[in-house]
Each structure stands twice: as C-alpha cells, then as structure tokens.
Asks: 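Quick one: the structure is below, questions incoming.
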Amino acid sequence: MGSRASSLLREEDIEEIKKETGFSHSQITRLYSRFHSLDKGENGALSREDFQRIPELAINPLGDRIINAFFPEGFAFRLYDLDRDDKISRDELLQVLRMMVGVNISDEQLGSIADRTIQEADTNGDMCISFSEFIKVLEKVDVEQKMSIRFLH
Ligand code: CA
C-alpha cells in the first residue's frame with residue numbers, strides 16, 4: 001500500500017514499449033491496467049496464484065496446463081511428461097534424453113543418467129519426478145549456477 005504511485009506506468013516507459021512492441025498508447029495503458037488488476041501481490045510480476053484467480057482459467061479444465069505454459073519451468077516439465085500424467089517416469093526421461101543427446105551415448109549410459117536424475121529428484125520414493133520435485137531440482141540448479149558464477153568472477 002502507499003507505493004502504488006511509484007508503480008504507475010510513466011510516459012517514457014510507454015514510449016519505450018511502443019517502440020518495442022508496436023502497440024498503441026491506449027493498448028499499452030489498457031494492458032497495463034489489466035496487468036495491475038491481475039497482480040494481486042502487487043510485486044510487479046504475475047505469479048501462478050495471480051493466474052489461478054482469473055475466473056476464465058479457474059473454470060477451464062485445461063486451466064492448469066495453460067498457466068503452466070506461461071512459466072518456463074512448466075514448459076520444460078511438459079516437454080518431459082510425454083503421457084501428461086503430471087509425472088516424469090524413468091521411461092519418459094530416457095526418451096527425452098535420447099532425443100537430446102543423439103546416438104553417441106549408449107543405452108546403458110543413458111539409463112544410468114536417468115536413474116541418477118530420478119534418484120536425486122524423487123523425494124517421495126515413487127520413482128517418478130512430480131512437478132514439485134522438478135521445481136526443487138531447478139531451484140537447486142539455479143543456486144548452483146549462481147554460486148559458480150560468483151566463483152568465476
Ligand atoms: Ca508422465
């Protein structure tokens with residue numbers, strides 16, 4: 001509260017967005033106010049929860065999938081979850097790994113990569129990677145990357 005004014009769209013921002021997107025002034029201000037009405041956390045970003053409050057998505061049976069598609073981690077998860085049961089099995093991991101690495105790695109090596117990945121990610125012991133387990137792995141990777149960047153500089 002109270003910081004509302006500082007988050008208002010400034011003329012110079014509008015000009016910049018106009019140049020970048022080709023949208024008109026009124027389109028940008030309309031989109032901005034729509035964005036603001038969706039951003040209940042008022043942190044300048046739309047979270048998963050903000051999306052879930054959109055009534056049209058809340059009643060849509062595919063709502064969760066649509067929301068996930070907006071988030072990079074959701075997109076990556078869908079890439080692996082080939083049968084769309086919201087879990088990544090060892091088989092699915094193997095299939096995607098095989099597509100990514102091509103033919104230079106043997107099935108045995110791929111199998112042990114898949115096993116190791118599942119072992120590391122699977123916290124509830126069902127031998128699959130759920131979406132929340134997947135997110136945790138990504139967060140860990142992110143932290144490790146940030147740390148390695150810090151060491152490099
Ligand atoms: Ca699956």
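One-based numbering, in listed order, for ligands and for the atoms of each. As the structure is a computational prediction, the values presented were derived from the model and not from experiment. One-based numbering along the sequence shown.
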Asks: Would you please name every residue forming a ring-ring contact (aromatic ring centres under 6.0 Å, His included) with Phe134, sequence neighbours left out?
Replies: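 Once residues adjacent in sequence are excluded, the partners of Phe134 under the ring-ring contact (aromatic ring centres under 6.0 Å, His included) criterion are Phe77.
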Asks: With sequence neighbours left out, what residues match Glu12 under side-chain contact (heavy atoms from CB on, under 4.5 Å)?
Replies: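 For Glu12, the residues satisfying side-chain contact (heavy atoms from CB on, under 4.5 Å) (neighbours in sequence not counted) are Arg10.
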Asks: May I have all residue pairs that pass ring-ring contact (aromatic ring centres under 6.0 Å, His included) and include part of residues 89-122, sequence neighbours excluded?
Replies: none
Asks: How many angstroms lie between atom CG of Asp50 and atom CG of Leu57, to the nearest 0.5 angstrom?
Replies: 12.0 Å
Asks: What are the protein N/O/S atoms, named by residue and atom, that sit under 3.0 Å from the Ca ion (ligand 1)?
Replies: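 Listed by chain and number, the atoms are Asp81 OD1, Asp83 OD1, Asp85 OD1, Lys87 O, Glu92 OE1, Glu92 OE2.
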Asks: Considering only NZ, NE, NH1 and NH2 on the basic side and carboxylate oxygens on the acidic side, decide whether Asp81 and Lys87 come within less than 4.0 Å.
Replies: no
Asks: If you measure only the distance, is there a donor-acceptor pair under 3.5 Å linking the side chains of Ser112 and Gln109?
Replies: no
